[in-house]
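Everything numeric in this text was worked out from a predicted model, so none of it was measured.
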Amino acid sequence: MIPAGGQSWGAMGVMLPLILAAVLHQGFASVAPTTPAQTTVAPHKDPGRPERGTYHVANGNNTVCLLAYMGLQLNITYNSTSQSKIVQEVVNIKPNVTLASGSCEAERAVLELKTDANKTVLTFVFTQNTTSSKYHLSEVSLTTTVPDPKVGDFSTKNSSLDFLQGTVGYSYMCRMEQTLTVSQNLSINTFQVQLQPFGVSGDTFGAAVECQLDEDGMLIPIIVGAALAGLVLIVLLAYLIGRKRSHAGYQTI
């Protein structure tokens, strides 16, 4: 016998999941998906390796007081309002259209590079510690224009840097590529750098002091070579020991 009301409860048991599924489907369908804000860095065209340029600064009596021979590449990041995304521009400094100027003082030397019809001005400031006779790149600033017409002028500056450290009377040299982070919006890739901001004699570089990156780069092949030589020696010794044991096993009794 079926209890009273059993048929209605059975029908409710079947219908309830169907009603619940329909309500959930309706709720999900009515909520429109939200689109996240665009923050991806836009792809940029790689201009390739920059050409090395020779730059110098002369003091009042036309005596060269700063020398630099290097390739420079700018990585500029800005928020493009017209494209609604962050854009990164990679720009090579072209020596044949770049004018170098600056000044030299007892404890401060400035190299100013103007290019792109003077629309781009890149300035390096070197500071000397007269007590230790050491120098370093202490400040970099850049003013330029970017392709976005709504952004236009771009400028950044950092006066608290400590890059390219050298000794007065000697040139700083680094063959390896380096990345100098100036600010959140600017970094500079340097290629095969040799520079001397203080103690220049005549118009030639002083004796070069290699950077740590070059020393590490020379050390790695030496370590790898030594490891391979050690491995060959171990294999050779194992072979000789095994051969000696095999001969001992065939001795006449």
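- Side chains of Cys104 and Val57 form a contact here, defined as non-hydrogen atoms less than 4.5 Å apart.
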Quick one: do His136 and Thr127 satisfy side chain to side chain contact (heavy atoms under 4.5 Å, CB included)? Show the steps, please. CA-CA 6 Å; His136 67 279; Thr127 303; 4.2 Å; yes
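- In this model, a donor atom of one side chain and an acceptor atom of the other lie less than 3.5 Å apart for Thr144 and Thr120.
- From Cys211, atom SG reaches atom CD of Gln165 across 11.5 Å, with rounding to the nearest 0.5 Å.
- Under the 30°/60° scheme for interplanar angles, the aromatic rings of Phe198 and Tyr135 are found to be tilted.
- Tyr55 and Val200 sit in two unconnected hydrophobic clusters of ILVMFWY residues. Membership requires side-chain heavy atoms under 4.5 Å apart, directly or through other members.
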Hey, mind stepping through Asn189 and Thr179 against side chain to side chain donor-acceptor pair (under 3.5 Å) and telling me if it holds? CA-CA 4 Å; Asn189 297 333; Thr179 299; 3.0 Å; yes
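- For the pair Met70/Gln178, no side-chain contact is recorded, criterion being any heavy-atom separation below 4.5 Å from C-beta on.
- In this structure, the side chain of Gln196 engages the main chain of Gly206 through a donor-acceptor pair within 3.5 Å.
- Using modelled atom types, one side-chain atom of Gln73 and one backbone atom of Gly48 make a donor-acceptor pair closer than 3.5 Å.
- Nearest heavy-atom pair, Asp203 versus Val64, reported as atom, atom and distance to 0.1 Å: CB-CG2, 4.1 Å.
- Crowding of Tyr170 atom OH: a count of heavy atoms from other residues, nucleotides or ligands under 6.0 Å not exceeding 12.
- Taking the side chain as every heavy atom from C-beta outward, Val168 and Gln128 approach each other to under 4.5 Å.
- In this structure, Tyr172 and Cys174 approach most closely via the heavy-atom pair OH-CB, 3.7 Å.
- For Ser82, the side-chain contact (heavy atoms from CB on, under 4.5 Å) criterion is met by Ser80, Asp148, Lys150, not counting sequence neighbours.
- Val125 belongs to a hydrophobic cluster whose remaining members, ordered by chain and number, are Val110; membership requires side-chain heavy atoms of ILVMFWY residues under 4.5 Å apart, directly or through intermediates.
- How far CE of Met173 is from CZ of Phe205: 8.0 Å, rounded to the nearest 0.5 Å.
- Separating the CG atom in Leu113 from the NZ atom in Lys94 is a distance of 15.5 Å, to the nearest 0.5 Å.
- In this structure, Asn129 contributes its side chain and Ser132 its backbone to a donor-acceptor pair below 3.5 Å.
- The closest side-chain heavy-atom distance from Val140 to Leu180 is not below 4.5 Å.
- Asn185 contributes atom CG, which lies 6.5 Å from atom OG1 of Thr77 (distance to the nearest 0.5 angstrom).
- Looking at heavy atoms from C-beta onward, Leu195 lies in side-chain contact with Phe126 at the 4.5 angstrom threshold.
- The two atoms that bring Asp153 and Thr145 nearest to each other are OD1-CG2, 3.5 Å, heavy atoms only.
- Across Gln88 and Asn75, no two heavy atoms sit closer than the pair NE2-CB, 4.4 Å.
- Residues Leu74 and Val151 share a single hydrophobic cluster, defined by chaining ILVMFWY side chains whose heavy atoms lie under 4.5 Å apart.
- Between Leu122 and Ile188 the shortest side-chain heavy-atom distance falls below 4.5 Å.
- When side chains are defined from C-beta on, Phe124 does not count as touching Leu66, because their heavy atoms never get closer than 4.5 Å.
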Evaluate the criterion side chain to side chain contact (heavy atoms under 4.5 Å, CB included) for residue pair Val182 and Leu142; output intermediate values, then yes/no. CA-CA 10 Å; Val182 178; Leu142 173 69; over 6 Å; no
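- A cation-pi arrangement, defined by a distance under 6.0 Å to the six-membered ring centre and an angle within 45 degrees of its axis, is absent between Arg52 and Phe191.
- Put simply, the side chain of Leu72 reaches to within 4.5 Å of the side chain of Thr190, judged on heavy atoms.
- Note that the CG atom of Leu186 and the NZ atom of Lys157 stand 13.5 Å from one another [nearest 0.5 Å].
- When all heavy atoms are compared, the tightest approach of Ala100 to Leu111 is CB-CD1, 4.2 Å.
- Connection of Val193 to Tyr69 is not established within any shared hydrophobic cluster, with ILVMFWY side chains joined at heavy-atom distances below 4.5 Å, either directly or through further cluster members.
- Annotation: the span from Asn59 atom CG to Cys65 atom SG amounts to 5.0 Å, rounded to 0.5 Å.
- For the residue pair Thr123 and Glu112, the shortest heavy atom distance occurs at OG1-CG, 3.8 Å.
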